Structures are given as structure tokens and as C-alpha cells.
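Structure first, then comments.
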Amino acid sequence: MRTLRVIGIGAGDPEHITIQGIRALNETDVFFVIEKGAQDLVALRREITARYVEPGRPHRIVEIPDPRRDRTAQAYTEAVEEWRARRADLWAAALMTELAEGESGAFLVWGDPSLYDSTIAVVEDIVARGGVELRYEVIPGISAIHALTARHRVPLNRVGGAVQITTGRRLAEGFPAEADDVVVMLDAHCSFKRVVDEDLDIYWGAYLGTPDEILVSGPLREVAEEIELQRAEARKQKGWIMDTYLLRRR
């Protein structure tokens, strides 16, 4: 029987990882790293293992290339499902060839594995196929949402209020009428511009927890252009960007 751990490593700061996560690192023989072309993300995972795995604890790191997702497809859900299936093919093959019976492997997941991350779904697919005898557990991490609110020193919710977590794709359809506090993730197109006429404050952050962290906050109509410019420049310089923001109705 092979053992697999899905370990949340936090939003970017190596010190985000929990004590439970560190203990799991030291029970792992093989760390699987998904190579997406952003070497900063691979480097952080290597830094975490170097920092927290006890000296003398044998382990190895295996990089798995991430298949490209068709981002031009009109059928978004079908495109994601097809991409996840190809991921499952690659991961299952790596688990069979790189992880021996009785060994323990781990995927180090940015943020928390339960929030807008496909790792759990892909592992479930592998288990359901039955080709790899596998047991696995999930270890939580500090999400980008909590890193964001901590850095801006604001509570996520207001007294008795609800919080909606959504995507840029959905925000582009309009600010939810029933919501006062909305967290937006996976926004590649600055969808906050679509709601700039609403009476909203924004708390925005990119590369949270890293030395490249950028924070902007204020009335949305006043800072929307600044955020768009900073985002574009940062993406140009690094080649990738991960950002999250909270929109708060006044």
C-alpha cells in the first residue's frame, strides 16, 4: 500500500506551514512537484523541504510536468475536466514508477488544498480508477484569503454577515446582489473593473507572503486603475501572477 499526503503549504511565506504540515514532511519519502513553468513556485517548495525536513531524513523530489489547459475553449467546465483527466494520467504514472510499495509521497499545495485547487479531485480520480492502491490524507494550510486579510489587517466577515467566495469569471457577470463581502480568486482579467460604479472598497494583494508581495486598498473607483497597472507590470516582470482580493460593500 502506498501512502499519499496532500499538504497545504500556505500562500507564499515558508513560515505559513503548520506544525502538522512539518511533521508530515518528515514522514514523506517522495515529494511530487508539479512543474508549471513558474520556477519561483518550484523553488519555494524546495526551500520548504530544505528548511523543515530534518537533516539525515532520506527523501527525493520528483517533478511532474503540468499539461496545458485549453483556455480558449468555450465550454469551460469540460475543458477543466479534460485537463484534470490528463493530470491524473501523469500523476498515476509517477506514483507507480516513483513511489514504491510501503513508501509515503506528498504533493505540496499552494495555500489550502480545499480552496480552488484541483489536487484533491485529481487524487480522487486516481483512486477511483483503481490502478494504484493508495490511501491518502489532506493537511490544511493557510489560504491566500487569510493571508490577504491578515496583511490588510481586516476581518473577513462583519458582525452577523456572510462572505461569498467566487471567481473573476463570475464577478464579470456583476456584483452578487445578495452579498456585501465578496472574495474574488482566479481573476485573470481584472473583473473588478466591471463593478467599479458600485459603492465598494477593495483589499487587493498579489504574491502574498513572498518578498514580491504587493498590497493595494481603498475605494474601488479610486484604486482600480492603480491595481490594473501594478498587476500588468508585475506579471510582465515575473511571467506569472497570483492575486486575490476582497470587495466590501459600504
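Keep in mind that this is a model prediction, so the values were computed, not measured.
Contact check for His59 versus Thr28: no side-chain heavy atoms found under the 4.5 Å cut-off. Inter-residue side-chain proximity for Tyr207 and Ile214 is flagged as met; some heavy-atom pair is nearer than 4.5 Å. Two residues are said to be in side-chain contact when any heavy atoms from C-beta on lie closer than 4.5 Å; Gln237 and Asp212 fail this criterion. Using a 4.5 Å heavy-atom cutoff, the side chains of Leu156 and Val183 are in contact. Tyr245 is not listed as a side-chain neighbour of Val216, based on a closest heavy-atom distance of 4.5 Å or more. When side chains are defined from C-beta on, Asp117 does not count as touching Asp112, because their heavy atoms never get closer than 4.5 Å. Within the 4.5 Å cutoff, no side-chain heavy atoms of Leu246 are placed close to those of Asp201. Residues Thr49 and Leu108 meet the side-chain proximity criterion, which asks for heavy atoms closer than 4.5 Å.
Annotation: cation-pi pair Arg249/Phe175 absent, no NZ/CZ under 6.0 Å from the ring centroid and within 45° of its normal.
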Could you go step by step and tell me if Arg84 and Asp125 meet the salt bridge (charged side-chain N to carboxylate O under 4.0 Å, His left out) rule?
CA-CA 9 Å; Arg84 286 183 175 182; Asp125 186 1; over 6 Å; no
Could you walk me through whether Arg87 and Asp66 pass salt bridge (charged side-chain N to carboxylate O under 4.0 Å, His left out), step by step?
CA-CA 7 Å; Arg87 268 189 154 192; Asp66 202 28; 2.7 Å; yes
With side chain to side chain contact (heavy atoms under 4.5 Å, CB included) as the test, would you mind laying out the steps for Tyr76 and Arg169 before giving the verdict?
CA-CA 10 Å; Tyr76 173 76; Arg169 180 182 293 268; 3.0 Å; yes
Can you list the steps and then say if Asp243 with Ile227 is a side chain to side chain contact (heavy atoms under 4.5 Å, CB included)?
CA-CA 11 Å; Asp243 59 335; Ile227 292 172; 5.8 Å; no
For Val53 and Ile48, run side chain to side chain contact (heavy atoms under 4.5 Å, CB included): C-alpha distance rounded to whole Å, both residues' side-chain angles, the deciding distance at 0.1 Å, then the answer.
CA-CA 8 Å; Val53 174; Ile48 285 173; over 6 Å; no
Using the rule given for side chain to side chain contact (heavy atoms under 4.5 Å, CB included), can you reason through Phe107 versus Leu4, listing the C-alpha separation, both sets of side-chain angles and the distance that settles it, and then say yes or no?
CA-CA 8 Å; Phe107 286 96; Leu4 184 66; 3.9 Å; yes
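Checked against the 6.0 Å centroid criterion, the rings of Tyr116 and Trp110 do not qualify as a close aromatic pair. The aromatic ring centres of Phe192 and Trp204 sit 6.0 Å or more apart.
Looking only at distances, a side-chain donor or acceptor of Ser104 sits under 3.5 Å from a matching main-chain atom of Glu27. In this structure a side-chain-to-backbone donor-acceptor pair under 3.5 Å is present from Trp83 to Pro67. Checking side-chain atoms of Ser118 against main-chain N and O of Ala121 turns up no donor-acceptor pair under 3.5 Å. The backbone N or O of Ala172 sits less than 3.5 Å from a side-chain atom of Arg194, completing a donor-acceptor pair.
In terms of hydrophobic clustering, with Ile, Leu, Val, Met, Phe, Trp and Tyr side chains grouped at heavy-atom distances under 4.5 Å, Ile9 and Leu115 are assigned to different clusters. Leu215 and Val154 fall within a single hydrophobic cluster, where Ile, Leu, Val, Met, Phe, Trp and Tyr side chains are chained together by heavy-atom contacts under 4.5 Å. Criterion: ILVMFWY side-chain heavy atoms under 4.5 Å apart, direct or through other members. Under it, Ile145 and Ile241 are not part of a common hydrophobic cluster. If you chain together hydrophobic residues whose side chains sit under 4.5 Å apart, Leu90 and Val127 fall into the same group. When the side chains of ILVMFWY residues are joined at heavy-atom separations under 4.5 Å, either directly or via intervening members, Val62 and Tyr136 end up in a single hydrophobic cluster.
Residues Asp187 and Arg231 share a closest heavy-atom pair of O-NH2, 3.0 Å. Annotation for Ile7 and Ala106: closest pair CD1-CB, 3.9 Å, computed over non-hydrogen atoms. For the residue pair Pro113 and Ile120, the shortest heavy atom distance occurs at O-CD1, 3.6 Å. The minimum heavy-atom distance linking Pro155 with Arg248 is given by the pair O-NH2, 3.0 Å. Contact detail for Pro14 and Leu44: the closest heavy-atom pair is CG-CD1, 3.6 Å. Taking all atoms of both residues into account, the shortest heavy-atom contact from Ile64 to Ala94 is CD1-CB, 3.6 Å.
In this structure, Arg170 CZ and Ile165 CD1 are separated by 13.5 Å, a value rounded to the nearest 0.5 Å. Between the CG atom in Leu148 and the CD1 atom in Ile142 there is a gap of 13.0 Å [rounded to 0.5 Å]. Leu134 contributes atom CG, which lies 7.5 Å from atom OG1 of Thr3 (distance to the nearest 0.5 angstrom). Separating the CG atom in Leu99 from the OG1 atom in Thr97 is a distance of 9.5 Å, to the nearest 0.5 Å. For the atom pair OG1 (Thr210) and CE (Met242), the distance works out to 10.0 Å, reported to the nearest 0.5 Å. Summarising the geometry, atom CD belonging to Glu222 is positioned 11.0 Å from atom OG belonging to Ser217; distances are rounded to the nearest 0.5 Å.
The pair Arg57-Asp29 counts as a salt bridge, with a side-chain nitrogen and a carboxylate oxygen less than 4.0 angstrom apart. Ion pairing between a basic and an acidic side chain is recognised when a charged N comes within 4.0 Å of a carboxylate O; Arg46 and Glu63 show such pairing.
Every pair passing side chain to side chain donor-acceptor pair (under 3.5 Å) that includes a residue from residues 150-160 is listed here, sequence neighbours excluded: Arg151-Glu213, Arg158-Asp181.
Applying salt bridge (charged side-chain N to carboxylate O under 4.0 Å, His left out) to Lys193 and the options Glu225, Glu198, Glu228 leaves one that passes, Glu228.
Ala85 is linked by a side-chain contact (heavy atoms from CB on, under 4.5 Å) to Arg129, counting only residues two or more places apart in sequence or in another chain. Every residue meeting the salt bridge (Lys or Arg N to Asp or Glu O under 4.0 Å) condition with Arg60, not counting sequence neighbours, appears here in chain and number order: Glu103.
Crowding of Arg68 atom CZ: a count of heavy atoms from other residues, nucleotides or ligands under 6.0 Å not exceeding 12. The number of heavy atoms from other shown groups lying within 6.0 Å of CD (Glu15) does not exceed 12.
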